[in-house]
2 protein chains.
Amino acid sequence: MTVDKVFEALSSAPRRRILAYLSRTDMTAGEIVQRFAEMMSQPAISKHLSILENAGVVWREKRGQNVHYGLKEDALTGTLVHFLAEVCPRSRPFRKDSEAVARRKKGQS
Amino acid sequence: MTVDKVFEALSSAPRRRILAYLSRTDMTAGEIVQRFAEMMSQPAISKHLSILENAGVVWREKRGQNVHYGLKEDALTGTLVHFLAEVCPRSRPFRKDSEAVARRKKGQS
DNA sequence: TGCCTATATAACTAATTAATTATACGATTT
DNA sequence: AAATCGTATAATTAATTAGTTATATAGGCA
């Protein structure tokens, strides 16, 4: 579960949409396919799901003839929070205040 | 500054590396190019910078014959925090506890 | 003015991605 | 055992991305 794979997985709108679905409840592959009916084929969804699993942000479990998918919140929050901590001075400890102030003046937001 | 563009911008390791540099101090395009010496050409970096700017996560300012770049922390944290809030039940208010518990049992982390 | 320096853009190419249709596979039902 | 259902994989193709070299543009300096 590399950082690279996680950000790669998040770079697709359909994949982020799948994550949003899974954040509310676990689903079978078929249920997810239905949500994308008329927009994308079953194999396309299957591929997206395998990318998400390979990135380590969802789990997969075969039950009978269905395959259930669910969110691995910890992996997702872990990666993003770690990235934010690395890249955002304001959340970094012992930063000099003058830096952040100057930066904010430059036209933030 | 769409969510799509931000995640697209973050999906590249060199671009995340540029953001990490900019999180410590503003830099000119040339200084950034130097950090990638022997790895990537000047035009390649220029392209990455324009993608980052277009996504709204960095600002750009021409000063004399240099162009200075800097991080727009607020845009970055804003987008990621919003995404996390949307996708991570544990950070979502009024969630039923039974959901999260069941999910955690499934093999989180 | 004419020449550097810093940066961006253009033209091109190779590699990757994202979809499609067709097919295979494993589990259930008859 | 055969048909069916749910899902994944294979083969293919079109579109996108990420880099290259070459060139343009704009600012500072002799």
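These numbers were taken from a predicted model, which means no experiment stands behind them.
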Shortest side-chain distance from A/Ile51, nucleotide among D/dG19, C/dT20, C/dA18: C/dA18
Candidates B/His68, B/Arg63, B/Gln65, B/Gln34 - the one meeting side chain to side chain contact (heavy atoms under 4.5 Å, CB included) with B/Thr28: B/His68
Nucleotide D/dT25, atom C1' - distance to CG of B/Asn66 in whole Å: 15 Å
Whole-Å distance separating the CG atom of B/Leu52 from the C1' atom of D/dT17: 15 Å
B/Ser46 side chain, from C-beta outward: closest of D/dA8, C/dT9, C/dT21: C/dT9
A/Lys47 NZ - D/dG6 P separation (whole Å): 23 Å
Given D/dG28, C/dA19, C/dT9, the nucleotide with the shortest approach to the side chain of B/Gln65: D/dG28
Whichever of B/Glu8 and B/Lys62 has its nearest DNA chain D nucleotide further upstream toward 5': B/Glu8
Sugar-phosphate only, base, or nothing, as touched by B/Phe36 at under 4.0 Å among non-hydrogen atoms: nothing
Whole-Å distance separating the CG atom of A/Leu49 from the C1' atom of D/dT7: 10 Å
Residue-phosphate contact under 4.0 Å: A/Tyr69 side-chain N/O, D/dG6 OP1/OP2: no
Rounded interatomic separation in angstrom, taking CE from A/Met40 and C1' from D/dA15: 14 Å
Phosphate contact (C/dA8 OP1 or OP2) by B/Arg60 side-chain N/O below 4.0 Å: yes
Length of the CD-C1' vector between A/Glu31 and D/dT7, whole Å: 13 Å
C/dA18 phosphate, OP1 or OP2, under 4.0 Å from A/Arg15 side-chain N/O: yes
B/Arg15/B/Glu8 under salt bridge (Lys or Arg N to Asp or Glu O under 4.0 Å): CA gap, chis, key distance, verdict: CA-CA 10 Å; B/Arg15 286 194 289 268; B/Glu8 165 61 30; 3.7 Å; yes
A/His48 side-chain N/O to C/dA19 phosphate OP1/OP2 under 4.0 Å: yes
Between P of C/dA8 and CD of B/Glu61, the distance in whole Å: 13 Å
Geometric cation-pi criterion, B/Arg17 with B/Phe36: 6.0 Å, 45°: yes
Distance-only donor-acceptor test, B/Gln42 side-chain atoms vs C/dA8 base atoms, 3.5 Å: yes
Sugar-phosphate, base or nothing in reach of B/Thr28, heavy atoms under 4.0 Å: sugar-phosphate
Distance flag, aromatic centroids of A/Phe83 and A/Phe7, threshold under 6.0 Å: yes
Interatomic distance, B/Ile45 CD1 vs C/dA6 P [rounded to whole Å]: 16 Å
Cationic N near anionic O, under 4.0 Å, B/Arg24 to A/Glu86: no
